[in-house]
Structure formats: structure tokens, C-alpha cells
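Here is the structure we will look at.
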Amino acid sequence: MQIPTRYDASNEQKWYEYWMKKNYFHSEPDDREPYTIVIPPPNVTGVLHMGHMLNNTVQDILIRKARLEGKNACWVPGTDHASIATEAKVVRMLREEGIKKSDISRDEFLKYAWDWKEEYGGIILKQLRKLGASCDWERTAFTLDEVRSKHVLKAFVDLYNRGKIYKGLRIINWDPEAKTVLSNEEVLYEDEPGYLYYIRYQIEGTEEYLTIATTRPETILGDTAVAVHPKDERYGHLKGKKVIVPMVNRVVPVIFDRYVDREFGTGSLKITPAHDPNDYEIGLRHNLEVIDIFNEDATLSEAAGFYVGKDRFEVRKLIVEDLKTSGHLIKIEEYNHSVGKSERTHAVVEPRLSEQWYVDMEALAEPALKAVMEDEVEFFPKNQKNTYRHWLENIRPWTISRQLWWGHRIPAWYLEVDGETKTYVALTVEEALEMAKKDTANDNLTISDLHQDEDVLDTWFSSWLWPISVFNGFFDKKDISYYYPTNVLVTGWDIIFLWVARMIMAGYEWENEKPFKHVYFTGMVRDNLRRKMSKSLGNSPDALKLIDDYGADGVRFGMLSSSPAGGDLLFDIKLVEQGRNFSNKLWNAMRLVKGWEIDEKIDYPVENNLAVKWLENRMNQVIEELDNLFEKYKLSEALMVLYNFIWNDFFSWYLEIIKPAYGSPVDSETYTKTIELFEKMLTLLHPFMPFITEEIWHYIKERKEGDDCVVSKYPESKGYDSNLLEAINKVKAIVTKVRESRNSKGMKPKELLVLYAEKTASIEKFLFSEKIPGLKHILKKIAFLKDVVLTDNSDIENTIPFMAANEKFMLEFNLEIDIEEEIKKIQKELDYQKGFVAGIEKKLSNERFVNNAPEAIVDKERKKLADGNERIKILEKSLLSLKK
RNA sequence: GGGAUCUUAGCUCAGUUGGUUUAGAGCGCUGCCUUGACAGGGCAGAGGUCAUGGGUUCGAAUCCCUUAGAUCCCA
């Protein structure tokens, strides 16, 4: 049957099913060295996007390479329940069906949420299979499944009992859309243009006014003081005075506090303790009243007294108008200020006073900081270490409660006893009841006397346990003692605080051990204008369509080939095309070799023998380079090294050398060796392009059961002979010059010509001795030469002279030569060489260089000088003979 | 406002502790090649005073400082 001339990537999935059927991705503890990765769990309701593709391609490359190296590779997949995001989606879905969340019970809501999860959840895991991700699917975990939930509750109870979790009343970040508190890490700040409003407050009992500047005029309804700096001479006379808040006509004190910035605005500041963290602190110092003027959706509450039920941004416009009318508004200036927004809902965050659960992070941070600073946990690239240190050294308590339903409900039960609320934290309500009974010495208590905390935990409170919980680490030591710590975490630097740092903390807190040895930070995927890929910009290609169009291998190639660790990936469809073209090249090389007829009677040609030896050595060199690059996680560079080796060395040079004449058979030795080399090359490439390598693996040879590329043996380098590599490089240089000479004269590339070499001891030794047999044959074959002839005559008629590898050659040429042009060419080369030599001479004539530089460096310079002078001699001679 | 990183070919990036020919790769570009594994191909070529100005050194893309620009983190 005819093999098509183009590689068809559409049957990639056939191989995925094949691997699954053979259970190659499943891992159980055994005697081998483990190699473990836990996936950064994507949102359970998410769909595959470009960022996932990059991230998971990287993980798959690492895990597949480890598997080929004979390690027990285990890649644990799973999903994250993504509390806020998923709840928001479910709420929206219900709203579309005409159901309001506030109209249904918690249990009803959760039923809808689980139904939703069952229907749409985990799509992304199926999509990862298309990409080729070789996860151990039997281990698939979910942050809200039974095992993981048990871990979360135990972690909460542990920390509570260790005094590291507590409840506190503070100013928090409120997301008015999701109607929940957020941690500091979930708030993103953006600079936005806005206005600074100057508003005057009448000083009580006088006709005098005090003017303040604010960006948030609507909050004056909650003002309980006005502050100035104690040393500000402008306001010294206001000591003990009171001012009247406009609109509400509340009389509030003028206070003196050093927090006030005298340079900003008018140097006087309105104080709204309920709606600004700094104001709250000031309020505590001065014992101020706290008036919360907002509802939980950031509309104005009864307490505001005005605009009740209207949204804060609408109120801002209204109040500005009203203040203008009443004469309180002095002026408006344009002003850029930074606005905090919810990472998930993008709603503008509202500071709000509220009681929440916190984790005291200081003690947890200490070992986590040390581990990274001392490279116990190593970051790739290293430059993230500074950011990490800065955060951990300035760590603040972690707000872990969320006013949501979708998540792990906080295992705290409350009991009202004589108007006092008692708290019992336990794994189950039964345990809590026992505690309550003991505590109150009341044996008649029942479960219905207790009521559980209404809130759930921050999603990250389950994610930080992930490397432990996926192995059921709190409850069964079998897996965790084998797989933990994992080898590497592959993730984006944007969640270094939200996730990476906290996992390290949890690792030391519970396992007394780091969760992973290395962290590989991928960059963001951006478009070629450096814009972040996003749905709203519409600049993100559909990941699955990309796979359909170019094959997973092509996409993997494209994602990786321009993605240094930590650096952003500027996605360009050209790169994916390049990957697809590479697949096609591999395919056609396979077609070439497969198409050869083998003739046992033909001898092993000397040039083929040399070519095989050369490619073996070169491959060993490449293997060493790859190992080195993998160690540093320079994966895109590793891929480029392989790409160049395969395309240039293997296909362009090696195959051209050994290729039998059209229609002729090949000797069996060459064939066998070529297949062997081809196989090794496929294994080397497999981690990057798993599908096509498996496909070709089965094409080039009959395979026994279990002889599959995915589990083949990764080749090891046995060292290489640099002299041999150097010799071939010289031959390549000569060939290139021959081609260039033909090219410049418009001669046929394949017309057989004689090449003359001026006779020197070195060229004689190089091409004509039997030290490395076959060099001359290779030269003849790929440069299309009738013969290579040594000559004493340095000026043969009708030849094109050129220099290569420090020797002079003359290529047969049967037409008139443009002598002027030749002279110009040689003159140009001569000028370059003279400049080169002059530079070195200058260096060498500098006594301080010769005296101070290491001997080896000076010797090298001398050798460079000698070589340069040699070339000049040859060029000058050529020039002379042309001119006569 | 505080801090970090970066600036090398048209584009995206390598360039290890300062010294391997006067800086490399991929893409793009230019010319030639088409019955032969592959035009999703082959061969060859052109392109850079390494952002700027100083300094250290026998020697700087590499170390230090200045200036300009870009990105990011924190507040």
C-alpha cells in the first residue's frame, strides 16, 4: 500500500487508547526510583485553554522522559472545586432558570451544584488526553471529594488545636458580587483614572469650613471624624473643635493623627472607619464610632440615611451633584488611583468590617522561607526567589472563611449557653457534641442544640494540601512515603503566593518535608502583540481546534519551542506550523528509509560506515547536551537541539550520505544501523512529540508485544570522538563551499565536476590517509564530484578557487570566469582576514596581556594568529595568480 | 512611593565562572533549484559598533555606576 506523502495527525488518538489499554500510565509503588508530579488542578468546570496546554505539555514531557529512563513515573491528575468561580457559574445558571439563590436552601443549592459538576465537570480532563497528557487516571482526585475533604477538615482541626487558626473582627476585602470575603492574595490592584473631590465641612459653631479631599465622596455618609496632622500649623487652631458632616449633618470631632499625609490634598482627611483599613486603625486609636453604610451587595444601607438601596457608583454621581447644589463641593481634580478588584469576579472590592476565620501565617512561613532561600526547594528560574522572600517576610494572616456554599463547610459548631456563644471545632458533629457535653457538663445536649458555622473554606485551603491529599497522606502512609516529596511542580508564577508558598508551608507543617524538590515556573501565554490571552479580547485560539488542525504534536512543539522557563510565551501560529512541518519531515524520512530494498549481497560501503559512526558519535553528543538542558529545565532549548540534530544532521547530512542511488537497493548493514539510529532518535523525541514517534516506531519495524516507543529505553551516551566530529565538520565546510561556488556561477548542482586540492601535508593527511577512511568518499558523494585530485599546481585553468578548512581548493569550471568578480571576492575575504589578524596582533603586542593572561589563552591567540596568517598567504597567492 | 527584572539580527530568544577564530539559533527576508522521501521541500546568501554614557580589567554582550525605555511584584 502506498504511504501518503503527508503525515496525517488525525489518528493520534488511536495511540492514546492503545497506551491506556496497556495501562502504561498507571503507577504503583515498587522498587524503582519514583518520579512524581501532581497536576495543578484546573477548575472542575473549566475548559482547556492555551495556558493549560503549555503547563501540561511541560509536565508531560518531564513525566514521559522519566518513564523512558526507567523510573516509576506517576503523574496525578485532578480538578479543583474553585469555590467562588463555580458558585458564581451555578448562581448564573439558576438565575437563567428563574431561581434566585436566596430563595432556596443550602442543601437545594448544593444539589444543583453537584448536578452541574457531574454534567460539565471534568471535561478538561478529557481534553488533556487529546493533548497526550500521560496522567495516571486511576488516581484522579477532586478537592471536594471524600478523601480530600477529610484532609481539609483535619487540617483545620489540627491548626485550630495548635492555636494557629482563630476568628477575628477586622476590615476585610469584600467582593460585593460574590458576596464573600476575599484574602489579600485574591485582590488585584489596577491603576484607574478617577477624580479627587474637595469637600468642605462646616466647623461647628462658626462660619469657618475645613476642606478635605477624597476619591470616594459617597463614604462621607459613614464619616465619624476628620483628621489632620498634629504638627500641621494650618489646623492647630482646630484642637477640640467639631465639624458637621454634610448631608447627614452629623457632628464629628477633628482629631490629630500622624497617619495623615500633610502633602496630600488639603492635608485633612475624612475618617470612615467602616470602609477603609487605615481609617479603621485610626478609629481604634481615637475610639471612633463605626458606621457601616453598605449592604452586602454594595448598595447603600439604612444606616447611610440617604440613597438607600442604590449602588455605590450611582450614589457617587448623585452625591457629587447634591454636594454641588448645597455648596459643599469646592472642586474636582483628575486623579489616578489604584483600585482593588476581585480576582474571580473582577468586582471592585469594598473594605468592610467583618468577623472571619484566619490562619496565623508567621510560624508557618518560617520553614517555608528557609527551604526556598537555601534551595531545598529549588526555583526555576531563580529570580522568583526575591518576590517569594518579600511576601513571606511581610506575611499577613490568611483569611480562610468564605460566605459561600460550594466548598468545605467550616467544622466549627456553636452552642448558645446563657447568652454566650461557645465554639467547638471537630472533625464531625458527633465529636463536637461530645466536646460540648464535657465542656458544659450537660449530658442532655443533642446535635440540634449545636449549629454549624455557615461559611466554607477558601478553595486554596484545600489546594495547599494537594501534594499530600492526593496520596491520602494523612490517613495512609503507603503511597505518600513512596511518592512524596514529589519531583517537580509546574505552574505559573501568578499563583506563587496563592498556592506554591502555601503548599510548601503545609508540607512542613504536616509532613515535616517539602512537597516538591523543584518548581518550574511557566510564563503567561500572550499573543504576538504581548497581550494576555483572554476571552474578552478574543485573541485566544481555540485550543481544541488547534489540536484538530495541527495535531497535538504540532501544538506541543509550537507551545514549547518558544517558551523559556519563567518567560512569557508569545504565541504565534507560525510556531505550530513549524511543529506540523517537523512531523511531516519525520514522516517522509521514514517513508524514504522504509522504501529501500535491501540487498544482502552488497558490501558495507566505506562512506556509510563512516557516516554511521559519525551519527552515533553526534547523537551521543546530543544526548549529553539534552541531559544538561533537562537538568536546568531548559526545555525549549532542548527541543531546538533535537530539532536541529534530527533535521540537519540526521536527515540533511546523514540520509543524503547513505541514500542509495535512485532505484538501487541498500546493503543490509547500513539499513540495520539506520533503523537502530532512527529508533533511538524517536525515543529521544518521544517526550516532546509522543504521537508521531509512536506511530513511526510501529511503521519502521515489526514490533513484539510491549515493544512500544512510550516505554522504550532512553538512550545513554557512551561518549563521543571529537576528532571524528571535527573531521566531518571540515568536510561539511568544503561541501558548502563547493555548492556556493556552483551557486554563484549558476552551475547545475548535480553536474559531476573535479575538485582540485592544493597539495599540502595537512590536506594529504586529512583526505587521503586512511586515518578516517571514507571522508573523501563522502565529499565526492554529497558535493557531486567526479574526483578529488591533489595537485602541485596552484593555478589551474578554468577553475574556481576557494578556501575551506584552511586549505585551498579549485573547482572545475568549463565556462569563462569573470576574473574581476573573483578578484573582488577574494579581496573582500582578504580584508576580513587582515582585520582579524591585526586585532590579534594588537592583543599579542600588548605586554600586559602576554604577562597577565593565562598561558592557555595566550597560546590560543597565537594559534589564531598563525591560522589567520596561513589563510592570508593562500588568499594572496590566489589573488596573484588571478591578476597575471 | 518601595523593590525586582529586562534592553543582543526585521521578530522571538540563547550566550554558563569575564578569554574557542570579529556574537549564535529559530522564524522571516533574498537568490537559485522542481520528474528522485518531503514546496508543509532542497541549496546557498544577506542582516547586529550587544539600549546610552562612563568606569574596573591585559581583556567586557558578560562585573560596577549614570541616563533613557520596557515589564512585573508590593503598597
Side-chain angles (χ1 to χ4, degrees), chain A residues 3-7 184 188-189 261 278 338 340 381-391 393-394 493-494 496-497 523-524 528 530 550 554 561-564 566-572 574-575 577-596 628-629 632 634 636-637 639-641 643-644 647-648 651-652 655-656 659 661-663 735-750 782 806 832-833 835-840 842-854 856-858 860-861 863-868 871:
Chain A
I3 309 174
T5 63
R6 284 195 182 179
Y7 172 63
N184 295 320
L188 304 176
Y189 292 88
D261 178 359
N278 296 312
S338 114
K382 290 247 182 293
N383 59 25
Q384 296 291 344
K385 276 169 77 172
N386 276 328
T387 326
Y388 180 86
R389 183 177 61 204
H390 187 261
W391 187 72
E393 283 177 351
N394 298 287
W493 45 256
D494 52 331
I496 186 167
F497 306 135
M524 300 286 107
N528 50 18
R530 253 180 216 290
Y550 295 92
S561 61
S562 172
S563 157
D568 285 351
L569 172 108
L570 275 64
F571 183 79
D572 191 337
K574 280 248 154 61
L575 296 172
E577 266 173 35
Q578 197 185 345
R580 180 202 54 186
N581 294 353
F582 186 38
S583 295
N584 200 49
K585 187 73 183 178
L586 287 161
W587 181 253
N588 278 291
M590 182 273 293
R591 283 212 311 141
L592 173 68
V593 175
K594 273 285 285 181
W596 289 337
N628 188 16
L629 291 167
K632 298 179 192 152
K634 296 193 168 185
S636 56
E637 228 176 293
L639 177 57
M640 284 323 285
V641 164
Y643 175 81
N644 284 318
W647 201 309
N648 298 326
F651 296 162
S652 294
L655 287 184
E656 287 305 322
K659 191 159 121 181
Y662 181 60
V735 172
T736 298
K737 280 289 187 178
V738 170
R739 286 168 176 165
E740 188 190 342
S741 301
R742 298 175 111 118
N743 216 345
S744 66
K745 293 285 170 297
M747 297 199 297
K748 288 237 159 66
K750 293 184 182 176
I782 46 181
N806 260 358
Y832 174 85
Q833 293 297 345
F836 170 62
V837 163
I840 299 169
K842 197 177 145 205
K843 221 178 198 180
L844 282 171
S845 65
N846 183 342
E847 267 177 51
R848 285 180 299 179
F849 170 67
V850 181
N851 295 335
N852 293 330
I857 300 294
V858 179
K860 234 174 249 169
E861 290 301 316
K863 169 88 166 56
K864 271 154 67 175
L865 182 65
D867 285 357
R871 287 192 292 267

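Note that the structure is a prediction, hence the values are computed from the model and not measured. Side chains are part of it too, since the values below use all heavy atoms of this structure and drop only hydrogens, waters and symmetry mates.
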**OP:** For A/Thr736, answer base if it contacts any base atom (sugar-phosphate contacts may also be present), sugar-phosphate if it contacts only those atoms, and nothing otherwise; contact means non-hydrogen atoms under 4.0 Å.
**Re:** sugar-phosphate

**OP:** For A/Lys659 and B/rA37, give me the distance from atom NZ to atom P, rounded to whole Å.
**Re:** 5 Å

**OP:** Tell me what A/Trp596 touches on the nucleic acid: a base, only sugar-phosphate, or nothing, going by heavy atoms under 4.0 Å.
**Re:** nothing

Original post:
A/Arg580 near the nucleic acid: base, sugar-phosphate alone, or nothing, with a heavy-atom cut-off under 4.0 Å?
Top reply: base

**OP:** Check the pair A/Phe651, A/Leu592 against side-chain contact (heavy atoms from CB on, under 4.5 Å), reporting the backbone distance first and the verdict last.
**Re:** CA-CA 10 Å; A/Phe651 296 162; A/Leu592 173 68; over 6 Å; no

Original post:
Using a cut-off of 4.0 Å on non-hydrogen atoms, how would the nucleic acid contact of A/Arg389 be classed: base, sugar-phosphate, or nothing?
Top reply: nothing

Original post:
Any idea how A/Trp391 and A/Phe497 line up, ring-wise: parallel (<30°), tilted (30 to 60°), or perpendicular (>60°)?
Top reply: parallel

Original post:
When we call it a touch if two heavy atoms are under 4.0 Å apart, what does A/Ser583 touch: a base, just sugar-phosphate, or nothing?
Top reply: nothing

**OP:** Using a 4.0 Å heavy-atom cut-off across all strands, classify A/Glu577 as base, sugar-phosphate, or nothing.
**Re:** nothing

Original post:
Separation of A/Asn588 atom CG from B/rG36 atom C1', in whole Å?
Top reply: 13 Å

Original post:
Atom CD of A/Glu740 to atom P of B/rU30: distance rounded to whole Å?
Top reply: 20 Å

Original post:
Donor-acceptor pair, A/Asn588 side chain versus A/Thr5 backbone, under 3.5 Å?
Top reply: yes

Original post:
Salt bridge or not for A/Lys574 and A/Glu577, using N-O below 4.0 Å?
Top reply: no

Original post:
Contact class for A/Phe582 vs. all strands (heavy atom < 4.0 Å): base, sugar-phosphate, or nothing?
Top reply: nothing

Original post:
B/rC27 phosphate, OP1 or OP2: any side-chain N/O from A/Trp647 under 4.0 angstrom?
Top reply: no

Original post:
Could a donor-acceptor pair under 3.5 angstrom be found where the side chain of A/Lys574 meets the base of B/rC27?
Top reply: no

Original post:
Hey, does the side-chain of A/Glu656 have a donor or acceptor N/O within less than 3.5 Å of a partner on the base of B/rA37?
Top reply: yes

**OP:** Just call it for A/Asn644: base, sugar-phosphate, or nothing, with non-hydrogen atoms closer than 4.0 Å on any strand.
**Re:** sugar-phosphate

